[in-house]
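Step one of this worksheet: look at the structure below.
Side chains are part of it too, since the values below use all heavy atoms of this structure and drop only hydrogens, waters and symmetry mates. Predicted model only: the values in this text are computed from it and were never measured.
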Amino acid sequence: MVTKSLPLAKAINEALRAGLESDPKVLLMGEDIGKLGGVFRVTDGLQKDFGESRVMDSPLAESGIVGTAIGLALRGYRPVVEIQFDGFVFPAYDQIVTQLAKMHARSQGKVRLPVVIRIPYGGGIGAVEHHSESPEALFAHVAGLKIVSPSTPSDAYWMLRQAIRSDDPVIFFEPKRRYWDKGELDTELVPGELHKARVAREGTDLTLAAYGPMVKVCLQAAAAAEEEGRSIEVVDLRSVSPIDFDTVQASVEKTGRLVVVHEAPVFFGSGAEIAARITERCFHHLEAPVLRVGGYHAPYPPARLEEEYLPGLDRVLDAVDRSSAY
């Protein structure tokens, strides 16, 4: 076992490096990812070590980036593209949902498009408009796409390695406010399934289910609740499409209560699908309605107000109290 402690951003860098080293068909593209190393320095040093033909600075054109990646995938390459910020992905939405997601079905299984789209997402960094959004539900609604989001450096590394090897298109949502959070990485680990949820903390009284940036908040909430004598289980979903409902169901059958937490607005968010499915599956086990905690149904606010917008420890604990009161 070879373990080391490193930030989540560095774990992604090492996963990209490993992908480039292991397969000459892996290419990286994106705005400022080469010489600059990306705005968050996630791709730092990769162009220097692998050259401009494998780590390419692209024009400021997201639709062109994804369209080019589709063409490269059709020619046998495995492009990994970066969308600089979450709110910049929408010029490429057409290419993603009408081409990338549909080609496998359109060709009756004859065509595969092994494209990874990396998207730094979510708030908490004091950014300007269109730099702090959480659009994962918009893509999870589209059949043909895999949607994942890590919460730890270990998952960031291994999930990205698995996404690059996948023959299906994967949208890899990176929680940008966790880029500098450190954690242990075992580079000789045998990873589990890409879309398998994990129980991040055992508990008996209530389940908190989250992914990406909110897993840390839920773990903090579980620690705070323990001081009041409550045992909270935290499930890190890791994948938004598909969702590992079996792991959530097993947890809820044990605890009888579920609160789903995500940064994205609650209205039509991924938590609604989880709440509906678990209500169907666990109706006779539930001691309270499934509750959801998330952002408000409003445009993401200026940075000075984002702490009021983002679900934090107090809002999660309030949902825990409301669920426990039934």
Side-chain angles (χ1 to χ4, degrees), residues 1-26 28 33 37-38 40-46 49-50 55 78 80 82 114 116-122 146-168 170-203 208-220 222-223 232-240 242-244 246-248 250-251:
M1 182 169 64
V2 179
T3 61
K4 50 187 171 182
S5 178
L6 74 177
L8 190 144
K10 179 62 175 175
I12 293 172
N13 179 282
E14 294 206 5
L16 293 171
R17 178 177 295 278
L20 289 161
E21 289 174 344
S22 63
D23 187 347
K25 293 295 186 180
V26 172
L28 309 187
I33 71 165
F40 295 102
R41 304 302 184 265
V42 173
T43 54
D44 189 41
L46 297 179
D49 293 341
F50 294 94
V55 182
R78 290 183 175 272
V80 181
E82 177 184 298
V116 178
I117 301 176
R118 296 179 41 245
I119 305 178
Y121 82 120
K146 294 180 176 180
I147 317 296
V148 299
S149 180
S151 67
T152 67
S154 180
D155 269 355
Y157 177 86
W158 286 111
M159 289 170 69
L160 185 53
R161 293 290 309 274
Q162 290 171 302
I164 293 171
R165 290 194 293 262
S166 173
D167 286 332
D168 298 310
V170 179
I171 299 185
F172 196 85
F173 280 102
E174 301 171 5
K176 67 171 82 78
R177 67 163 152 157
R178 305 299 179 212
Y179 270 153
W180 302 278
D181 289 1
K182 286 188 174 182
E184 296 297 315
L185 169 63
D186 178 1
T187 55
E188 295 183 355
L189 180 76
V190 178
E193 298 175 31
L194 176 59
H195 303 287
K196 180 73 173 176
R198 70 179 180 95
V199 177
R201 177 183 174 124
E202 298 276 354
L208 290 173
Y211 53 87
M214 295 310 299
V215 173
K216 182 176 182 178
V217 175
C218 288
L219 289 170
Q220 292 170 340
I232 306 297
E233 184 149 296
V234 178
V235 175
D236 182 353
L237 295 169
R238 302 173 74 246
S239 177
V240 180
I243 292 173
D244 177 12
D246 290 344
T247 296
V248 182
S251 178

- Query: Which distance, rounded to the nearest 0.5 Å, do you find between the CD of E174 and the CG of L160?
  - Reply: 7.0 Å
- Task: Let me see the working for I12 and L16 under side-chain contact (heavy atoms from CB on, under 4.5 Å), right down to the final yes or no.
- Result: CA-CA 6 Å; I12 293 172; L16 293 171; 4.2 Å; yes
- Query: Is any side-chain heavy atom of L8 closer than 4.5 Å to a side-chain heavy atom of D181?
  - Reply: no
- Query: Testing V80, I171, V26 for side-chain contact (heavy atoms from CB on, under 4.5 Å) with V116, which one passes?
  - Reply: V80
- Nearest heavy-atom contact between C218 and V234 is O-CG2, 3.8 Å
- Given side chains that start at C-beta, do those of K10 and L185 come closer than 4.5 Å, heavy atoms only? no
- Message: Test your reading of the model: is there a side-chain donor-acceptor pair from E233 to the backbone of G203, 3.5 Å cut-off?
- Response: yes
- Query: How many angstroms lie between atom CD of E82 and atom CD1 of I119, to the nearest 0.5 angstrom?
  - Reply: 10.0 Å
- Query: Between L6 and P153, which heavy-atom pair has the shortest distance, and what is it?
  - Reply: O-CG, 3.4 Å
- Message: Donor-acceptor pair, distance only, cut-off 3.5 Å: does the side chain of S5 make one with the backbone of E184?
- Response: no
- Less than 4.5 Å apart, any side-chain heavy atom of R17 and any of L46? yes
- Which heavy-atom pair separates I164 from A15 by the least distance, and what is that distance? CD1-O, 4.3 Å
- Item | Trace of the side-chain contact (heavy atoms from CB on, under 4.5 Å) decision for H195 with V148 | CA-CA 7 Å; H195 303 287; V148 299; 3.7 Å; yes
- Does D44 offer a backbone N or O that forms a donor-acceptor pair with the side chain of N13 under 3.5 Å? yes
- Query: With distance as the sole test, does K146 use its side chain to make a donor-acceptor pair with the main-chain N or O of P242 at under 3.5 Å?
  - Reply: no
- Message: Quick check: closest heavy atoms across K176 and F40, and the distance to 0.1 Å?
- Response: CD-CZ, 3.8 Å
- Query: Does a side-chain heavy-atom distance below 4.5 Å link Y211 with P175?
  - Reply: no
- Y179 to P7 - nearest heavy-atom pair and separation: O-CB, 3.4 Å
- Query: Do the non-hydrogen side-chain atoms of V215 and R178 ever get within less than 4.5 Å of each other?
  - Reply: no
- R177 and P213 have their tightest heavy-atom pair at NE-CB, 4.1 Å
- Item | Rounded distance (nearest 0.5 Å) linking atom CZ of R201 with atom CG of L208 | 10.0 Å
- Message: Looking at G192, is its backbone amide N or carbonyl O close enough to the side chain of Q162 to form a donor-acceptor pair, meaning the two atoms are under 3.5 Å apart?
- Response: yes
- Atom pair CG/CE of L219 and M214 - distance to nearest 0.5 Å: 10.5 Å
- Would you indicate whether the side-chain heavy atoms of P150 and Y157 approach each other to under 4.5 Å? no
- Set of residues satisfying side-chain contact (heavy atoms from CB on, under 4.5 Å) with respect to R198, sequence neighbours excluded: S151, T152, D155, A200, D236, R238
- Message: I'd like to know if the side chain of R78 and the backbone of K25 have a donor-acceptor N/O pair within less than 3.5 Å.
- Response: no
- Steps toward side-chain contact (heavy atoms from CB on, under 4.5 Å) verdict (K4, E14): CA-CA 12 Å; K4 50 187 171 182; E14 294 206 5; 2.9 Å; yes
- With side-chain contact (heavy atoms from CB on, under 4.5 Å) as the test, would you mind laying out the steps for L194 and M159 before giving the verdict? CA-CA 6 Å; L194 176 59; M159 289 170 69; 3.8 Å; yes
